[in-house]
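First the structure, in the form of structure tokens, and then the observations on it.
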Amino acid sequence: MEWLGRYLRLRAQDLGNADTAFWQQSVLRIIMLSGLCLVSIIVIHSSWQAWQLGAYQVIVLTSLFYTALVVALFLSKQHTKKSAMALLLIVIMAGLCILLFNDDFEIGKLGIIFIYTLPMISLMFFGFRTALVFMFLNFIPFVYLLQNEAPGNLFGLSVTLPATHSYLHGLLFLFFNLCLPLAAARIFSTLKRSAGRLSELNQHLAQSHDYYEELFEHNGSATVLVTASGDIIKSNSLACEVLGLEQGQQANLLSLLSFVQDSQLQGHWLKGKVECNLKSRPEVSLVLKHVMLTRSGHHVVSVQEISALRQLQHQLRQSQKVQDSWLHYDSLTCLPNLAGFTELANYKQEQLAPHEFAIVAIIRLRHVKTLNQQYGYEFGSQLLQYFAKVAKAALPSDAVLARVRGVKFALWLKGDLNVVDPKQLAQAIASQLPVELTVGPYTARMSYQFGVSFTEQRDQQNAQQLIEQCELALELSEPNQLVGFYDQQQAQQLEQDYQLLNAFRDAIRQKQLELWLQPKVDPQGKIQSFEALSRWFVDGQAIAPDSFVLMAERHGLMTLFSRLVLQQSVSILQSWQQQGLLYPIAINLGGPELLDDSFFAELMSLSADHPWLTRYLQLEITETNIAVQQPLLHKRLKALNQYGFSISIDDFGTGHSSLSQLVDCPADTIKIDRRFVSCIPQDSRTVRILHTTIQLAKALDLNIVAEGIENDIQRRFLQSLGCQLMQGYLFGRPAPALYWENLLSPPGTPIELGTKQA
């Protein structure tokens, strides 16, 4: 059924494809294939009856029409239009044969009715004009039917059989009641899906329009949309209030203002920041900031009133506070530093109204180190200066922007809960930052990452706490995530992970991890060896092995962890030696453990104390670490191999393996990863890769272990390829060592595991 759906183009993704050629091919195949299937019984029965009566011309005609339909269906693969023309021709010829070669004129009239389907078919494949032509031409057989005169047997050929009446009515019934309705249903399904998609797009477009209208009106700053000559197209309520305009009043922005410097009058929106005064009220000082150039060539300009700031600057210049203020500013960007930001943000936080909130964000400039290496450190410093200037100009006047350290900037911004959602405001701020910055002859494409936290007046959180929350949000963000919001649950999860890490460290030191074993068997299911797998239980609950192994890798605990696994494995092997259970056990090593002198010395010391250890303790090295091995690791692996240890490359094929590593690495076994085995037998490409890998291992005289075998089909296929050892749930799940010890006793009794045992 899956193949039929793919062939007829009836899958979900196919029904949503509105391409004309695509759905026409689907409709054509539905008509032809359903026609072939539905009339096959009529063709077979009529041919059998014609054979008995000696009417071989019937067999010839039905065979020709059936063959023509099959050929037309085959042509639909690459020539949809030609195949559709062939279908029209088949319908015309079939109708004429029914009319002309039947002895009974009443039955022959059914051929004309069959021809009446031509407008419908041509409408599907050739458009309305072609359908209109066939509608007009159908008047000819219609007038002929009205005359009710039999044409006579012009060619002396008859296809009349005793059951011809049933055959023709059955043919018309199937064609009109099944073939055409199925084809029409296919078209309607695509139309319905396309209409639904179009409706969703219209809805999204309307929502986007409403959003940007809302953002323009309530973005927290006075904003105007002007032409290149300064004519105001649209202004929000704050801009009308600042400029002294009525809502919707037509005016020219340049005629309302007097610039501090006359040279700034021309092309003022090309400047990052331009100061001016209202002509109607000269005491009002303003700053014009060009926000963006729209696709239609208009300009979005923000208007900020800085009268109070000018007065404050004048007062500061009259006092010694001007000198003290520099202690809170960054000398490179002339922005507040962390201490200045904390002081300013705390002050503004206290001024928040009950319905207002504050956004605090850490903005990290990415790839600055790369730019420093490419263009020099002086370029990086200039880039930070220019970013500070552009970002400050793009933010509202009441925002606080500071450089806290390195390439990190802090932002404090006020918002209104009745107007905009904090997350939407944060996303809008992120979208306003410059995409490219040009410093001297070089242009750098900017990339940012935000860590955001927001608070209200009643939260009683100081700026330092908010900064720490932003840093945490930044740390927990994905590498390709632009804006990361502080999440208290994530913070709690981080705390839980930290507690779990401490518990895991204590569990290793107190030897609370359990060592479980999973068997490796030959193709007949007989146990040959085991793999050691650690299990950790906290308050009776099992912790996922992948979780605590990854924790050990991230936090430098792999050596301690692997030393515990080594000691537990040697203890089990020593007990088995005394009982006569001579089965090897393999332990997993990531590679860094062998670089640790103390771990390597302990391994060699144990092998000296127990001469049988090199035969019964196998080392499985993760292939991804082999790929990035250091010379010392390579040297120690060779030493272990010469000493007698069996070395296996674990998870082979999932990392950065190469032919040179197979040749140089002193391994005698490769372990094929479960991701390759799970694709047997449905993924032919993976099966070929698996076959080639096994042949390569045989050529290099390497043993082969396949893991992750879960069904007998996989077992038989790997056996046919010559795989010597297998491991997976089909043969046995990991279990405590005592379980296998009881199962293998008494010694010497062969234990065979199959699907029932597993």
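Keep in mind it's a predicted model, so treat the numbers as computed, not measured.
Within the 4.5 Å cutoff, the side chain of H299 has no heavy atoms near those of the T294 side chain. Annotation: side chain of N337 is not in contact with side chain of R403 (no heavy-atom distance under 4.5 Å). Considering only heavy atoms from C-beta on, D416 comes within 4.5 Å of H355 through its side chain. Side-chain contact between L254 and V226 is absent, with no heavy-atom pair separated by less than 4.5 Å. Using a 4.5 Å cut-off on side-chain heavy atoms (C-beta onward), V287 and V303 make no contact. Using a 4.5 Å heavy-atom cutoff, the side chains of V483 and Q427 are in contact. Between V291 and V301 there is no side-chain heavy-atom pair separated by less than 4.5 Å.
Of the possible donor and acceptor atoms, none in the side chain of S235 sits under 3.5 Å from a partner among the backbone N and O of A239. Put simply, the side chain of D330 never gets that close to the backbone of L338: no donor and acceptor are under 3.5 Å apart. Checking side-chain atoms of R675 against main-chain N and O of S678 turns up no donor-acceptor pair under 3.5 Å.
The two residues G380 and N372 make their nearest non-hydrogen contact at CA-OD1, 3.0 Å. Residues K289 and L395 come closest through the heavy atom pair NZ-O, 3.3 Å. Considering every non-hydrogen atom in both L352 and A358, the closest pair reads CD1-CB, 3.9 Å. Listed here is the closest heavy atom pair of E241 and R281: O-NH2, 4.1 Å. Closest approach of P434 and M446 over heavy atoms only: O-CB, 3.6 Å. Here the shortest heavy-atom pairing between L474 and F450 reads CD1-C, 3.6 Å.
Around atom CZ of R197, no more than 12 heavy atoms belonging to other residues, nucleotides or ligands sit under 6.0 Å away. Remark: F537 CZ is packed, more than 12 non-hydrogen atoms of other residues, nucleotides or ligands lying under 6.0 Å away. Shown here is K414, whose NZ atom has no more than 12 heavy atoms of other residues, nucleotides or ligands within 6.0 Å. In the displayed structure, Q499 atom CD is contacted under 6.0 Å by more than 12 heavy atoms of other residues, nucleotides or ligands.
Side-chain atoms of T438 and T443 include a donor-acceptor pair closer than 3.5 Å.
A salt bridge does not link R563 to E593: none of the charged nitrogens lies less than 4.0 Å from a carboxylate oxygen. One finds no salt bridge joining E356 and K348 here, because no Lys/Arg side-chain nitrogen approaches an Asp/Glu carboxylate oxygen to under 4.0 Å.
Counting only residues at least two apart or in different chains, salt bridge (charged side-chain N to carboxylate O under 4.0 Å, His left out) contacts with residues 418-442 comprise E436-R445.
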- Task: Show your working on side chain to side chain contact (heavy atoms under 4.5 Å, CB included) between V407 and R364 and close with a plain yes or no.
- Result: CA-CA 6 Å; V407 295; R364 183 169 71 88; 4.2 Å; yes
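Looking at D231, I232, L245 one by one, the single match for side-chain contact (heavy atoms from CB on, under 4.5 Å) with L253 turns out to be I232. The residue from V274, V284, L288 that alone fulfils the side-chain contact (heavy atoms from CB on, under 4.5 Å) condition with L257 is L288. Put simply, the residue from E468, Q469, Q465, E471 that forms a side-chain hydrogen bond (donor to acceptor under 3.5 Å, both in side chains) with S453 is Q469.
Within the model, atoms CD of Q432 and OG of S302 stand 9.5 Å from one another, a figure rounded to the nearest 0.5 Å.
Ring orientation note: the planes of F561 and F504 are tilted relative to one another, at an angle of 30° to 60°. Taking the six-membered ring for Trp and thresholds of 30 and 60 degrees, F379 and Y442 have ring planes more than 60 degrees apart, a perpendicular arrangement.
Checked against a 6.0 Å centroid threshold, the rings of F387 and Y448 count as neighbours.
Legend: residues meeting side chain to side chain donor-acceptor pair (under 3.5 Å) with N346, ordered by chain and number and at least two apart, are absent.
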